[in-house]
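Let me begin by presenting the structure, written as structure tokens, before commenting on it.
Whatever order the structure lists ligands and atoms in, that order sets their numbers, starting from 1.
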Amino acid sequence: MRKINFSAGPSTLVLEVLKKAQDELVDYQGRGYSIMEISHRSKIFEEVHFGAMSRAKQLYGLNDDYEVLFLQGGASLQFAMIPMNLAMNGTCEYANTGVWTQKAIKEAKILGVKVKVVASSEEENFNHIPEVNFSDNADYAYICSNNTIYGTQYKEYPKTKAPLIVDASSDFFSKKVDFSNIALFYGGVQKNAGISGLACVFIRKDMLERSEKKNLTSMLKYSIHAQNHSLFNTPPTFAIYMFNLQMQWLLELGGLDKMNQINTQKAKLLYDCIDNSGGFYSTHAKSDKSLMNVSFNIKDTNLEALFVKEAEEEGMLGLKGHRILGGIRASIYNAITPEQVQILCEFMREFQKKYA
Ligand SMILES: *Cc1c(COP(=O)(O)O)cnc(C)c1O
């Protein structure tokens with residue numbers, strides 16, 4: 001019996017995708033070997049690799065102004081690669097909306113670039129997205145689109161003339177995005193679009209020119225990866241294969257507008273359940289509530305451990321809040337179904353009846 005898995009990441013995968021991978025695991029399309037066992041320079045792998053890239057672009061509706069990069073080192077290596085490749089002589093501006101932007105800011109500071117934090121909701125423990133005003137002439141303007149721990153999400157990205165950089169790790173491929181101002185859009189794929197080991201970076205080509213001019217070691221240089229179509233060295237082939245299956249699944253579903261419609265429906269079920277609890281449950285986010293990660297508390301916080309334990313007995317996993325914030329968190333990424341959220345809501349209502 002598969003559990004209902006609300007883990008924040010790595011997280012549950014689409015069952016059809018897992019089954020397809022299982023089917024093909026020891027014998028990929030009748031060839032007598034698995035996709036993991038062949039050269040990343042072979043035709044067979046290239047089909048997967050370039051197929052995944054083009055499907056990823058297709059889903060976001062991107063043209064050749066953008067390059068897709070498949071990189072390792074998770075989203076976290078991007079915290080360093082972004083300032084290394086893209087900082088010029090101006091300011092690198094950040095909106096601080098949680099732990100993941102704090103980490104990105106920290107890495108940029110280590111590198112000695114001019115970091116400016118232009119907005120922050122830290123004093124309110126990141127319970128909302130602050131108003132953000134970037135300078136037009138900043139080297140770049142950096143945001144995290146969805147704050148995985150605190151359960152907040154930008155409904156619209158800030159308007160800026162500076163190149164916008166977005167860490168979309170926890171709402172990757174969950175909805176359509178307006179790229180008109182986006183210079184770099186990235187995420188680790190293990191939350192919403194695949195398994196760990198792969199970061200996917202969409203980079204606008206003028207940013208590659210910046211990278212090109214930098215004196216950086218090869219593996220840390222965007223332009224080298226772009227020139228080599230992310231085959232400069234051995235990429236994480238199985239993670240790319242899984243990502244490709246996930247892209248195919250999304251396309252067959254009807255694309256990112258359809259995905260967003262389902263995600264919106266799921267989040268509404270859960271927020272309605274919380275809002276209709278008469279204060280028994282309450283969300284950490286005061287506004288800008290995330291469609292992906294719902295962080296909440298029980299009025300009597302002593303009941304939270306019991307909640308997690310009883311949920312586990314009912315086959316629901318991953319509901320313990322992040323260690324920094326505590327409480328309860330349900331991550332309802334793409335692979336979670338409305339039916340599964342419904343089951344969680346029923347459990348929540350029963351739990352309240354028993355202990356309120
Ligand atoms: C999980 C997460 C990261 C870190 O991802 P890694 O792949 O573990 O480096 C970065 N940003 C956000 C928003 C995340 O949710």
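Between R41 and E46 there is no salt bridge, since no side-chain nitrogen of the basic residue lies less than 4.0 Å from a carboxylate oxygen of the acidic one. A salt bridge does not link D171 with K191: none of the charged nitrogens is closer than 4.0 Å to a carboxylate oxygen. A salt bridge links K309 and E313; the closest N-O separation between the charged side-chain nitrogens and carboxylate oxygens is under 4.0 Å.
For Q261, the side-chain hydrogen bond (donor to acceptor under 3.5 Å, both in side chains) test picks out no residue, with sequence neighbours left out. For H128, there are no ring pair (Phe, Tyr, Trp, His ring centres under 6.0 Å) partners at least two apart in sequence or on another chain.
Near ligand 1, G74, A75, S76, F79, W100, C144, N146, T148, D167, S169, S170, Q190, K191 each place a heavy atom less than 4.0 angstrom from the ligand.
Cluster note: F232 groups with M219, I224 through ILVMFWY side-chain heavy atoms spaced under 4.5 Å, whether in direct contact or through intervening members.
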